[in-house]
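Below is one structure; the comments refer to it alone.
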There are 2 protein chains.
Amino acid sequence: MSSCDTCVVRNRAICAGLDNQEIAALNTMGRRRAVSAGEPLIWEDDDSLLVANVIEGVLKLTTSTEDGREQIVGVAYPSDFIGRPFGQTSKASVVALTDARVCVFARNDFDRFAREHPELEHKLLERTLAELDRTRSWMMLLGRKTAPEKIATFLLEMSERLNETGCAVKLGPARRFSLPFSRQQVADVLGLTIETVSRQFTKLKNDGVIELPSRREVEILDRPALVSLAG
Amino acid sequence: MSSCDTCVVRNRAICAGLDNQEIAALNTMGRRRAVSAGEPLIWEDDDSLLVANVIEGVLKLTTSTEDGREQIVGVAYPSDFIGRPFGQTSKASVVALTDARVCVFARNDFDRFAREHPELEHKLLERTLAELDRTRSWMMLLGRKTAPEKIATFLLEMSERLNETGCAVKLGPARRFSLPFSRQQVADVLGLTIETVSRQFTKLKNDGVIELPSRREVEILDRPALVSLAG
DNA sequence: CGCCCGCCTTGACGGATATCAAAACGCGGC
DNA sequence: GCCGCGTTTTGATATCCGTCAAGGCGGGCG
């Protein structure tokens, strides 16, 4: 058994529809890799870029301007795909927010395998379409929402996302959760500054909408208020 | 011959890899439809949503808040796909910016056809990935760029996009082009107000970077300056 | 040809958020 | 337990851009 067995096998969302032989073939191509919090997932060779599948942890996809401004353009949770099959390099860089484990593939291998396995391509298409939808609704937030609305929307999304991807299957969104983001990273997601994020968090706490037990912990006290603030 | 023959056959990007018989099958499912400037492309039935392929013209995809703020989250040019195969309704509404012709498919028909034709799904995947890349670089613009940077980036993108999709095959980006957007729509793309857009256009004109022969026409006089302003 | 209406431009002003600065907090190491 | 450093919070001020309000331009129609 290769050390990467569980990488793909675990990923039900991707493997549904593939038979065991196909899954085994995928596994032999993939290499498991651990990335600790704060570390970049380096694309070792510009030409044979990698594709990766998140097994555990949360990673950020960012783009930056030359003068150092940063925008987080995507967040990858377990079972999400990272990278850009069938294309030239996308300019986003990938950094782990928490300790993470991923399964990486050489792009060429992956591309060939995908083209030979329509079922896999179909899954990739569905996921990419879903990601595009999410990204588009985030454009609305970035372009048209105010700081308080951005923060409220962010907290609601977090409470849903972190629940979906959590180990325990719970119904409904989480009431209390641990943010995988620092204040600065929250600012980079929302197109704000760290000071504005901090002030808005404090205001929500003072208004009794949320509680902040520690720097990374959030507890939602008044979800309807948050929904109404989200605009 | 169905009235929709040319819809799909023309679309080389999608049809490459499909044989004539497959293309014919696609054609019998599609229905050609004209949409004049300003008209919405209505999704007639919420459950059997449509997928469409742009033949000619430019359309906008927008999302709005309840209180009427609007954000353009995507722009569809000829050969682009609109709609959401394999999923529930995406909340974006589609409105033609110019007179347009599209080829519409019932979603269920289209989905079934796509699943039976991996080559088509592959093309869709490639296009969706490319669109996701574009959307992500737009997030950077919305979240982190200033108004002058947004305008400069927008003009450069327009000069490239309108050239690619123009009838005549020219090399390099267009120096002069006709915007398919009103000032308000430019504002809705960039997350600005119409007044700010207008002021920035005027400033670029006064600085000798662009010329504005008429309301919709733009001529780029100093591309390097624009590139430098784009950030 | 001239009028009218919608779109665009321009101006004055205010407010939301960025920027700059410093204090407070909290966590890990000694 | 205490110290030190990075992160967060808080405060004061600046600025960009949004808002409100008037014109001005141009295209279409009578």
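Residue numbers begin at 1 in each chain, while the letters A, B, ... track the order of the sequences.
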Q.
Looking only at side-chain N and O atoms, does B:Ser214 offer a donor or acceptor that is under 3.5 Å from a partner on B:Glu217?
A.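 B:Glu217 vs B:Ser214: no donor-acceptor pair found between side chains.
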| message | Looking only at side-chain N and O atoms, does A:Ser79 offer a donor or acceptor that is under 3.5 Å from a partner on A:Arg127? | response |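 Yes, a side-chain donor-acceptor pair sits under 3.5 Å.
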Taking [atom1] from [X] and [atom2] from [N], how many angstroms apart are they, rounded to a whole number?
X	N	atom1	atom2	answer
B:Leu179	C:dC8	CG	C1'	14 Å
A:Ile151	D:dT8	CD1	C1'	14 Å
A:Leu212	D:dT7	CG	P	19 Å
A:Lys203	D:dT9	NZ	C1'	16 Å
A:Lys205	D:dT10	NZ	P	7 Å
A:Gln185	D:dG6	CD	C1'	14 Å
B:Phe201	D:dG24	CZ	P	23 Å
B:Asp188	C:dC7	CG	P	13 Å

### Contact nearer the 5' end of DNA chain C, comparing B:Glu195 with A:Pro148
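Between the two, 5'-proximity favours B:Glu195.
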Quick check: on DNA chain D, is the nucleotide nearest A:Phe181 upstream (toward 5') of the one nearest B:Ser214, or the reverse? Name the residue that is more 5'.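 The residue whose closest nucleotide sits nearer the 5' end is A:Phe181.
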- Which comes earlier along DNA chain D counting from the 5' end, the contact point of A:Arg144 or that of A:Ser182, where each point is its nearest nucleotide?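 In this pair, the answer is A:Ser182.
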Residue [X], side-chain heavy atoms: nucleotide from [options] that is nearest:
X	options	result
B:Thr193	C:dT17, D:dG18, C:dC8	D:dG18
A:Ala147	D:dA21, C:dT17, D:dT10	C:dT17
B:Thr202	D:dT10, D:dG18, C:dT9	C:dT9
A:Ser198	D:dG18, C:dA18, D:dT8	D:dT8
B:Ile194	C:dT9, D:dT9, C:dG6	C:dT9
B:Thr196	D:dC17, C:dC8, C:dT19	D:dC17

Practice item. Using the six-membered ring wherever Trp is involved, compare the ring planes of A:Phe110 and A:Phe81 and label them parallel, tilted or perpendicular (cut-offs 30° and 60°). Key: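 Rings of A:Phe110 and A:Phe81: tilted, 30 to 60°.
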Does the base of [N] carry an N or O that pairs as donor and acceptor with the side chain of [X] under 3.5 Å?
X	N	result
B:Gln200	D:dC17	no
A:Arg215	D:dT7	yes
B:Arg199	C:dG11	yes

Quiz prompt | Within 45° cone and under 6.0 Å: B:Arg183 NZ/CZ vs B:Phe201 ring | solution =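 Yes.
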Worksheet item: Side-chain N or O of A:Arg183 less than 4.0 angstrom from OP1 or OP2 on D:dT9?
Response: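 For A:Arg183, the contact criterion (side-chain N or O under 4.0 Å from OP1 or OP2 of D:dT9) is met.
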Any sub-3.5 Å donor-acceptor pair from A:Arg69's side-chain atoms to B:Arg144's backbone N or O?
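Pair found, side chain donor or acceptor close to backbone of B:Arg144.
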Taking the side chain as every heavy atom from C-beta outward, state whether A:Lys145 and B:Gln71 have any pair of such atoms under 4.5 Å apart.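 The answer is no, as the side chains (C-beta and beyond) never meet within the 4.5 Å cut-off.
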